[in-house]
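Both counts, for ligands and for their atoms, begin at 1 and track the order of listing.
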Amino acid sequence: MSHNRVWAEIDLDAIENNLAVIRARVGVGTRIMLIVKADAYGHGAVGIAHHAIKLGVSALGVGTSAEALELRDSGIRVPILVLGTVVDEEVSPALRQGIDIGIHSSDRVQKLEQTAKALGLRARVHLNVDTGMGRLGVLPESAVRLLQEIQAAEHLELAGIMSHISAPDGALNPRTLEQSRAFESVLRSARAKGLVRGWIHLANSASIFTDLQPAYDTVRPGISAYGVLPAELSGSRELQPVMSLLSRIVFLKDVPAGTPIGYDSTWTARHDTRIATLPLGYNDGVSWRLGNRGEVVVRGQRAPIIGRVSMDYITLDVSHIRDVAVDDHALLFGRAQGTSLSVAEVARKADTIPYEITCSVGKRVARVFVGGQDAFVVQPFPVHSVASLPRKQEQRAPAETPSSLPLG
Ligand SMILES: *Cc1c(COP(=O)(O)O)cnc(C)c1O
């Protein structure tokens with residue numbers, strides 16, 4: 001399937017496989033709260049969430065209330081937790097839509113209590129305990145006091161108690177075990193005072209794939225569900241990549257030795273070279289740092305990215321690829337036609353982490369959902385011609401964006 005210049009194929013069968021792998025590790029009695037923040041790590045949160053819920057995911061975790069509301073608007077009814085925190089303006093719309101909110105301060109307890117009271121509803125909150133991440137979350141020594149405040153607030157319902165692990169290697173890291181012990185000790189004190197309610201959750205992907213114990217009743221996988229995990233973690237090989245970033249050759253040219261290519265002329269042909277141009281750049285998710293370092297798969301073979309990565313284009317040396325032609329597909333990462341290039345490898349070359357690679361796939365890249373029962377495309381933009389935009393004086397509300405088009 002080809003979708004214009006650049007597209008991201010999202011393989012719903014791979015998500016199914018990965019959720020089954022996670023399920024097998026955590027056991028049937030454990031709830032899965034799938035983390036779909038940042039548009040499901042760039043995969044398209046609405047499409048991923050609907051499919052994941054059909055596959056038995058119990059809840060979703062997001063980064064902001066806007067992300068939560070997008071999911072609610074799309075018809076999702078399961079609990080959605082804003083993992084971090086909310087700022088004042090977000091509170092009321094989030095509560096109206098029954099969004100769960102992570103909480104870590106008296107200030108937020110009061111704000112949520114006031115707003116929930118004014119709205120005549122009960123706000124569902126998850127206490128976030130900072131056991132070593134050092135970012136959000138209440139320190140362990142203040143956790144019980146905050147639980148008491150939550151219990152005393154008539155319009156708050158404690159829906160969970162959580163903490164977040166900082167080490168990328170999970171239980172293989174002694175710091176994770178310290179975090180786990182600190183969390184356990186908060187739970188013990190809270191239990192002694194009868195303050196524990198709702199779901200208890202600690203484990204992210206790295207913790208799940210290193211069997212961090214205790215595992216509690218709910219886990220929060222993100223990256224592993226998308227098929228990406230450090231190779232050294234056990235079981236990572238059973239995962240399948242969900243996203244494949246694809247483009248097509250739009251131009252081929254043969255240049256003589258001595259020809260400079262791209263901004264700043266950082267690459268110069270040493271001999272006659274066949275150059276392929278692909279119509280995607282750093283705005284679409286090819287890191288600028290892959291200039292003169294990255295590789296792309298064309299006709300099953302690796303072709304080096306030469307010269308700088310531009311905003312809208314990259315150039316490849318395809319001199320060694322027989323029969324290369326305009327319109328040939330190119331794989332930036334993921335799997336296609338029996339070949340693969342892992343997000344982990346691309347991340348290493350770009351000197352970053354895999355998370356940033358999929359999150360950076362830009363908003364003009366169509367997400368093409370394949371597999372599952374229902375293939376569909378989420379178009380990046382409605383296509384307007386400049387002439388059809390309303391004039392200033394007759395400006396209307398922006399046209400409804402068609403968010404999903406069935407492919408028949
Ligand atoms: C992002 C996030 C996760 C998921 O982490 P992965 O490493 O992608 O599995 C879990 N919990 C919280 C609080 C998060 O912010």
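For atom 12 (C) of ligand 1, the nearest protein heavy atom (residue, atom name, distance) is H164 CE1, 3.3 Å. Nearest protein neighbour of atom 9 (O) of ligand 1, counting heavy atoms only, is S205 OG, 2.5 Å.
The residue among K37, R220, M162 with a heavy atom at the shortest distance from atom 14 (C) of ligand 1 is K37.
Classification of the Y355-Y41 ring pair by plane angle, with boundaries at 30° and 60°, yields tilted.
Under a 4.0 Å criterion applied to the non-hydrogen atoms of Y41, ligand 1 contributes the atoms 1 (C), 4 (C), 5 (O), 6 (P), 8 (O). The ligand atoms of ligand 1 that sit less than 4.0 angstrom from a heavy atom of I35 are 1 (C), 3 (C), 4 (C), 10 (C).
Residue Y355 has at least one N or O atom closer than 3.5 Å to an N or O atom of ligand 1. Polar contact check, A206 against ligand 1: no nitrogen or oxygen pair lies under 3.5 Å apart.
For the residue pair Y313 and R5, a side-chain donor N or O sits within less than 3.5 Å of a side-chain acceptor on the partner. A donor-acceptor pair shorter than 3.5 Å can be found between the side chains of N292 and T266.
Under a 3.5 Å cut-off, the side chain of E67 and the backbone N or O of G63 do form a donor-acceptor pair. Side-chain atoms of H320 come within 3.5 Å of backbone atoms of R302 as a donor-acceptor pair (strictly under, hydrogens ignored).
For R322, the CZ atom is loosely surrounded, since the number of other residues' heavy atoms within 6.0 Å does not exceed 12.
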